[in-house]
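In what follows, a structure is listed as structure tokens, so that the remarks can point back to it.
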Amino acid sequence: MKKIEAIIRPEKLNDLLEALNKHQFYGVTVSQVMGAGLQRGRTHFYRGNEIITNLHPKTKLEIVVKDSWVNEVIETIIEITKTGNVGD
């Protein structure tokens, strides 16, 4: 058995869960997390004050699968969630 952890964009969650279910991978733990990477911070204003947010909302998936399913699950995750933009 292997545990796979993936940090994905929140808007890709439903598409990924549907794809995993089609492949009969049902056991998934989902957590809402915050993270930073190459995306850098974003600037917005709140009550007239400039606020720089360095953490972005992400979704973390934890999946435990048989050793023989690892590559298929990883390929599915990449195929469904990859956008080609910074923050993948």
Side-chain angles (χ1 to χ4, degrees):
M1 301 292 281
K2 299 283 188 218
K3 179 181 177 184
I4 300 170
E5 293 185 8
I7 307 293
I8 65 168
R9 294 173 181 267
E11 63 270 16
K12 294 291 188 172
L13 178 61
N14 288 333
D15 294 340
L16 180 57
L17 291 177
E18 286 178 19
L20 291 172
N21 286 336
K22 285 181 186 175
H23 292 290
Q24 299 180 347
F25 303 125
Y26 301 113
V28 177
T29 300
V30 177
S31 305
Q32 300 304 318
V33 297
M34 301 287 282
L38 294 176
Q39 276 180 294
R40 307 275 187 235
R42 59 185 165 179
T43 303
H44 51 93
F45 291 90
Y46 179 73
R47 295 188 177 184
N49 296 316
E50 183 179 31
I51 298 172
I52 299 173
T53 306
N54 290 325
L55 298 176
H56 301 277
K58 299 291 181 181
T59 300
K60 178 179 178 180
L61 280 86
E62 298 173 79
I63 308 165
V64 177
V65 298
K66 294 179 185 177
D67 291 348
S68 60
W69 295 353
V70 170
N71 289 335
E72 187 177 350
V73 171
I74 291 173
E75 288 171 10
T76 300
I77 292 169
I78 292 170
E79 177 185 325
I80 298 300
T81 62
K82 186 174 181 181
T83 66
N85 296 323
V86 175
D88 278 352

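As a basis for the values below, the full set of heavy atoms in this structure was taken, side chains included, without hydrogen atoms, waters or symmetry mates.
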What distance do [X] atom [atom1] and [Y] atom [atom2] have between them, rounded to the nearest 0.5 Å?
X: Ile74; Y: Ile63; atom1: CD1; atom2: CD1; answer: 9.5 Å
X: Lys22; Y: Leu20; atom1: NZ; atom2: CG; answer: 11.0 Å
X: Ile4; Y: Leu61; atom1: CD1; atom2: CG; answer: 10.5 Å
X: Thr81; Y: Leu13; atom1: OG1; atom2: CG; answer: 11.0 Å
X: Glu72; Y: Glu79; atom1: CD; atom2: CD; answer: 10.5 Å
X: Lys2; Y: Asn71; atom1: NZ; atom2: CG; answer: 11.0 Å

Minimum heavy-atom separation for [X] to [Y], with atom names?
X: Lys12; Y: Ile8; result: C-CD1, 4.2 Å
X: Thr76; Y: Ala19; result: CG2-CB, 3.9 Å
X: Ser31; Y: Glu62; result: OG-OE2, 4.3 Å
X: Asp67; Y: Met1; result: OD1-N, 3.1 Å

Check whether Val64 and Leu16 end up in the same hydrophobic cluster, where Ile, Leu, Val, Met, Phe, Trp and Tyr are linked by side-chain heavy atoms less than 4.5 Å apart. no
Any side-chain heavy atom of Thr83 sitting closer than 4.5 Å to one from Glu11? no
